[in-house]
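Here the structure is a predicted model, which means the values were calculated and not measured.
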2 protein chains.
Amino acid sequence: MPAEAKVDASSARQEQRPESRPDSPPLTQRQEARRRRILHASAQLASRGGFDAVQMREVAESSQVALGTLYRYFPSKIHLLVATMQDQLEHMHGTLRKKPPTGETAAERVAETLMRAFRALQREPHLADAMVRALTFADRSVSPEVDQVSHQTTAIILDAMGLEHPTPEQLSAVRVIEHTWHSALITWLSGRASIAQVKIDIETVCRLIDLTAPGDAK
Amino acid sequence: MPAEAKVDASSARQEQRPESRPDSPPLTQRQEARRRRILHASAQLASRGGFDAVQMREVAESSQVALGTLYRYFPSKIHLLVATMQDQLEHMHGTLRKKPPTGETAAERVAETLMRAFRALQREPHLADAMVRALTFADRSVSPEVDQVSHQTTAIILDAMGLEHPTPEQLSAVRVIEHTWHSALITWLSGRASIAQVKIDIETVCRLIDLTAPGDAK
DNA sequence: CGGTAATCTAGAACAAGTTACAGACTTGAT
DNA sequence: ATCAAGTCTGTAACTTGTTCTAGATTACCG
């Protein structure tokens, strides 16, 4: 019934899905390529002018795809930008993993990691703007995707803490840290808080970790 | 030069501005009335269908004002909804002031106050949706207004803490509490967190206060 | 009063997200 | 090779936020 061969081990040998995405319908190579072109175009346009510069017609044109196809892959601009964020987060997680934070306490390590991520975002403030605005503007129809971003963020923070089996209290602290992280990003992006202020906020919230794990971990 | 008499003490005697808004150009009674009609229509439409239901043409029609006039009063939908939020916050602050929280510690009082506010929002989830989405989606052009909302929120929290002269550490804690408050609201509104979860997050972050003020206050 | 400048109104026009549709293309199965 | 079904393309239409314009109103000032 389908079209554009779902890649299996037959003719064109290629792994089903290079990424670890648990997609329902596996994509063909060409579809995977389209998807990547779209995400690339999205990130590129976002890097220029932020949220407003990511215009669906332009994304379609840049990625050599018809508008209807773009909407088949990403049912809305918000979906597209949240997917772009997932993509960037994977990069980021990989990068962060390579150089683990060096702080003594878990709180220090988390703050260090988040500030490192923050510095990465500073290098592409427009892109950060587009992704974060999309994330917070997302409504219920994007919940699964936003949740995945959230889980990825949680994973990064837990990595930094160096915990295998966090307690419920610690998970609560992580949730609050994520809240603070997102909201602080927004205030910075909209020019209502300085970078120094963001740093203070992150360090402040990270103290919550010490509250739940007075000893330490790892 | 102007039209529609800027109300002064001359002919039509009426106080300049019933509210405490530090507006640059004082408004006439009719202008004040228009402004109120617009805000009322905005809140009413928002209460129905949330952010999407607040359509500028509908707001204009509901408030008996031409579209161009609406845009003169509120230069964008975001401005309008943020102003609506300011309006609602004033109400809320007044209401909360009447029954101060009863908790022992500052942390308890703040958590109690925020949960009370949260329950108020639950009664009009669509309105909450519209206001919060607007708040987090606002770009730099709305910064002054968003800042005012933030200040109002800070005032509410400081009220609950019962502090006259908060220390810098305490102000940092308050900032983080606000971050958490906003972000937790978003996750609740988009259906990614339960009410219970929001409660936990708020209680968790409020512990930060105990960290900065081990004794107490008031 | 009468003049004049700002405001308001009604409605068209424009922009970008989204949807709809007809026809061409690709694929897997027969 | 051919068929059926799903996919992609190109394009127009629709929706809603925003801007623009011409003319009617309103308010201040002399």
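- Nearest nucleotide to the B:Val65 side chain, out of C:dC8, D:dT16, C:dT9: C:dT9.
- Here C:dA15 presents its C1' atom at 12 Å from CD of A:Glu58, a figure rounded to the nearest Å.
- Relative to the ring axis of A:Tyr73, A:Arg35 does not place its NZ or CZ within 45° and under 6.0 Å from the centre.
- Atom OH in B:Tyr71 sits roughly 16 Å away from atom C1' in C:dA10 (whole-Å rounding).
- Distance A:Gln29 CD to C:dT26 P: 13 Å, rounded to the nearest Å.
- A residue-by-residue look at A:Ile78 and B:Thr69 shows that B:Thr69 has its nearest nucleotide of DNA chain C further toward the 5' end.
- Sequence order on DNA chain D of the closest nucleotides to A:Arg57 and A:Gln64 puts A:Gln64 first from the 5' end.
- Enclosure of atom NE2 in B:His40 is not indicated, since only 12 or fewer non-hydrogen atoms of other residues, nucleotides or ligands lie within 6.0 angstrom.
- Counting heavy atoms of neighbouring residues, nucleotides and ligands inside a 6.0 Å radius, atom CD of A:Glu61 does not exceed 12 of them.
- Remark: C1' of D:dT11 and CG of A:Leu67 are 10 Å apart, rounded to the nearest angstrom.
- Closest to the A:Ala66 side chain, of the nucleotides D:dT9, D:dG17, C:dT18, is D:dT9.
- In this structure, A:Tyr73 reaches the D:dC8 phosphate: one of its side-chain N or O atoms is under 4.0 Å from OP1 or OP2.
- For the residue pair B:His179/A:Thr180, the side-chain donor-acceptor check at 3.5 Å is not satisfied.
- With C:dT18, C:dT9, D:dC8 as the choices, the nucleotide that has an atom nearest any side-chain atom of A:Lys77 turns out to be C:dT18.
- Here the C1' atom of nucleotide D:dT15 and the CG atom of B:Asp52 are 12 Å apart, to the nearest Å.
- Note: CE (A:Met56) to C1' (D:dT15) measures 16 Å, nearest angstrom.
- Between A:Gln31 and C:dT26, a side-chain N or O to OP1/OP2 separation shorter than 4.0 Å is absent.
- When each of A:Val54 and A:Gly68 is assigned the nucleotide of DNA chain C with its nearest heavy atom, A:Val54 is the one assigned upstream, toward the 5' end.
- Side-chain atoms of B:Arg30 lie closest to D:dT26 of the nucleotides D:dG17, C:dT9, D:dT26.
- Distance B:Arg72 CZ to D:dT21 P: 15 Å, rounded to the nearest Å.
- Atom pair A:Arg34:CZ and C:dC25:P shows a separation of 14 Å (rounding to whole Å applied).
- Counted by atom type alone, A:Gln197 and B:Arg175 present one or more donor-acceptor pairs between their side chains at under 3.5 Å.
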